[in-house]
Amino acid sequence: MDLRFNTSLAEGYKSPSQIARVLTENWLERNMYCPICGELSIRRAEPNAPVKDYECEHCKSQYELKSKKSDSDSFQATVADGVYRTMIRRITSLDNPSFFFMHYDRYVVNNLVIVPKCFFTPSVIEKRKALANTCRRAGWEGCNILMREIPATAKIPIIRNGVALPVQEVVSHYHRVFNLQTKSVESRGWLMDTLHLVERLDETFTLNQMYAFAEDLKQKHPYNNHILDKIRQQLQFLRDKGIIEFKGRGIYKKI
């Protein structure tokens with residue numbers, strides 16, 4: 001995998017955003033494999049396809065790319081995206097794409113992660129303020145992806161600090177995480193919330209520590225009157241999926 005951009009493609013462009021788009025999209029098309037099935041390449045989607053930039057011809061998985069010039073290995077708290085209503089419609093359809101998030105510096109990719117589609121819910125999408133009446137696109141409402149609301153478990157590394165990870169390692173990691181896929185958007189929300197809370201605790205934690213988050217969960221799910229039952233259910237789900245291990249007597253350990 002060549003981590004360098006083909007800078008010759010930037011000739012003729014003046015806008016920094018256009019240059020970045022051309023170089024990053026070309027890099028992904030030339031270098032990226034499908035992290036779901038391992039197919040050696042992915043193709044660019046039809047122009048103006050809603051919330052979809054790339055597609056794997058073998059398994060038909062869909063992807064969108066978001067990139068930023070940065071030398072940090074920590075991805076920013078928010079990532080700007082397109083039309084809010086379009087994004088919400090796509091992610092609640094259960095036919096939404098997975099997302100690549102890229103950092104690059106000096107025309108070289110230094111960090112790239114993929115977040116599986118099952119980790120996108122309305123709670124991680126923030127509506128931006130509508131454009132003023134004086135703007136050319138008056139009333140247009142964009143959105144931000146709230147990276148801080150996506151559990152660390154869901155951010156699967158492909159390139160880390162300028163080093164590309166082995167393809168099979170990435171594919172295996174993806175399937176282990178995607179194994180958490182649920183059948184509804186509501187279930188996705190509970191999964192995200194539970195993972196966030198587990199990640200805040202030590203490697204070994206207790207059921208009572210999770211119960212201590214009950215009030216926080218009640219605020220996020222005000223119509224659920226069985227929060228403690230739901231916590232136990234979600235921990236059992238994470239145990240069955242191999243994310244945590246039950247050690248007995250209300251004690252759990254992260255795997």
Side-chain angles (χ1 to χ4, degrees), residues 36 50-52 60-64 66 75 77-79 81-101 113-128 141-156 173-201 205 207-246 252 254-255:
I36 296 178
V51 198
K52 180 177 71 172
K60 306 304 179 185
S61 298
Q62 304 171 36
Y63 302 99
E64 184 169 353
K66 294 298 169 186
F75 286 83
T78 62
V79 175
D81 206 278
V83 179
Y84 174 77
R85 285 179 295 179
T86 301
M87 173 65 87
I88 293 298
R89 185 166 60 248
R90 284 287 276 132
I91 66 172
T92 55
S93 71
L94 298 179
D95 184 34
N96 53 314
S98 298
F99 275 74
F100 291 112
F101 293 97
V113 302
I114 183 170
V115 176
K117 64 181 184 178
C118 59
F119 289 93
F120 285 89
T121 67
S123 65
V124 306
I125 306 300
E126 175 185 64
K127 182 192 292 186
R128 299 207 302 268
E141 291 179 326
C143 68
N144 294 319
I145 300 173
L146 303 178
M147 294 293 286
R148 62 179 179 272
E149 297 297 323
I150 299 175
T153 302
K155 300 167 186 174
I156 302 168
H173 192 170
Y174 185 97
H175 281 279
R176 177 170 175 267
V177 173
F178 190 70
N179 192 36
L180 298 172
Q181 166 81 335
T182 60
K183 295 181 179 179
S184 70
V185 174
E186 180 185 6
S187 298
R188 283 186 191 177
W190 272 103
L191 169 64
M192 298 269 284
D193 293 338
T194 306
L195 273 175
H196 263 302
L197 298 178
V198 168
E199 289 175 356
R200 289 169 58 179
L201 299 175
F205 62 96
L207 180 59
N208 284 335
Q209 286 178 295
M210 290 295 294
Y211 281 168
F213 296 121
E215 190 58 38
D216 293 339
L217 290 170
K218 183 64 177 177
Q219 292 180 12
K220 290 187 174 184
H221 305 274
Y223 301 109
N224 191 302
N225 297 317
H226 306 281
I227 299 296
L228 299 187
D229 293 339
K230 197 68 176 180
I231 290 173
R232 291 195 300 272
Q233 179 195 64
Q234 291 300 302
L235 290 176
Q236 181 176 336
F237 178 75
L238 294 178
R239 181 203 67 187
D240 293 345
K241 297 297 184 179
I243 302 300
I244 60 176
E245 180 183 2
F246 181 58
Y252 296 85
K254 301 176 191 178
I255 300 177

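Separating the CD1 atom in Ile243 from the CG atom in Leu235 is a distance of 12.5 Å, to the nearest 0.5 Å. Once rounded to the nearest 0.5 Å, the distance linking CG of Leu195 with CD1 of Ile150 reads 12.0 Å. Here the CG-CD distance, from Asp193 to Gln234, works out to 8.5 Å after rounding to the nearest 0.5 Å. Note that CG of Asp216 and NE2 of His196 are 12.5 Å apart. Values are rounded to the nearest 0.5 Å. In this structure, CD on Glu64 lies 10.5 Å from CG on Asn96, to the nearest 0.5 angstrom. From His221, atom NE2 reaches atom CD1 of Ile227 across 7.0 Å, with rounding to the nearest 0.5 Å.
Residues that satisfy the side chain to side chain donor-acceptor pair (under 3.5 Å) test with Lys218, not counting sequence neighbours, are Asn225. Residues meeting the side chain to side chain donor-acceptor pair (under 3.5 Å) test with Gln233, sequence neighbours left out: Lys230. Applying the salt bridge (charged side-chain N to carboxylate O under 4.0 Å, His left out) criterion to Arg232, with sequence neighbours excluded, gives Asp229.
The shortest side-chain heavy-atom distance between Thr182 and Trp190 does not fall under the 4.5 Å cut-off. Two residues are said to be in side-chain contact when any heavy atoms from C-beta on lie closer than 4.5 Å; Lys254 and Thr153 fail this criterion. When side chains are defined from C-beta on, Leu217 counts as touching Leu197, because their heavy atoms get closer than 4.5 Å. Residues Ser98 and Tyr174 form a side-chain contact, since some pair of their non-hydrogen atoms from C-beta on lies under 4.5 Å apart. Contact check for Val115 versus Phe75: no side-chain heavy atoms found under the 4.5 Å cut-off. Residues Ile125 and Asn144 have side chains not in contact (no heavy-atom distance under 4.5 Å, counting atoms from C-beta outward). Residues Phe213 and Ile231 form no side-chain contact, since every pair of their non-hydrogen atoms from C-beta on lies 4.5 Å or further apart. Using a 4.5 Å cut-off on side-chain heavy atoms (C-beta onward), Leu146 and Thr78 make contact.
Of all non-hydrogen atoms in Pro122 and Ile91, the two that sit nearest each other are N-CD1, 3.7 Å. Nearest heavy atom pair, residue Arg188 against residue Lys117, reads NH1-O, 3.7 Å. The two residues Val185 and Thr92 come nearest to each other via the heavy atoms CG2-CA, 3.9 Å. Taking all atoms of both residues into account, the shortest heavy-atom contact from Val79 to Met147 is CG2-CG, 3.6 Å. The two residues Met210 and Thr194 come nearest to each other via the heavy atoms CE-CG2, 4.1 Å. Between Pro116 and Val177 the shortest heavy-atom distance is CG-CG1, 4.1 Å.
In this structure, Phe246 and Tyr252 have tilted ring planes: the angle between them lies in the 30° to 60° band.
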Query raised in the report: Should Phe237 and Ser187 be marked as a side chain to side chain contact (heavy atoms under 4.5 Å, CB included) after you check the CA-CA gap, both sets of side-chain angles, and the distance that decides it?
Result: CA-CA 11 Å; Phe237 178 75; Ser187 298; over 6 Å; no
Report task. Please assess Phe119 against Leu180 for the test side chain to side chain contact (heavy atoms under 4.5 Å, CB included), listing each intermediate value before the final yes or no. Result -> CA-CA 9 Å; Phe119 289 93; Leu180 298 172; 3.9 Å; yes
Query raised in the report: Would Phe178 and Ile156 count as a side chain to side chain contact (heavy atoms under 4.5 Å, CB included) if you check the C-alpha gap in whole Å, the side-chain angles of each, and the deciding distance to 0.1 Å?
Result: CA-CA 10 Å; Phe178 190 70; Ile156 302 168; over 6 Å; no
Report task. Start with the C-alpha gap between Arg89 and Thr86, add the side-chain angles, then the distance that decides, and say whether side chain to side chain contact (heavy atoms under 4.5 Å, CB included) holds. Result -> CA-CA 5 Å; Arg89 185 166 60 248; Thr86 301; 3.7 Å; yes
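Side-chain atoms of Ser123 and Glu149 form no donor-acceptor pair, as typed in the model, at a separation below 3.5 Å.
The number of heavy atoms from other shown groups lying within 6.0 Å of CD (Glu186) does not exceed 12. Atom CZ of Arg128 has more than 12 heavy atoms from other residues, nucleotides or ligands within 6.0 Å.
Between the side chain of Glu199 and the backbone N or O of Pro151, no donor-acceptor pair lies under 3.5 Å. Judged purely by atom type and a 3.5 angstrom limit, Lys155 has no side-chain atom pairing as donor or acceptor with the backbone of Phe101.
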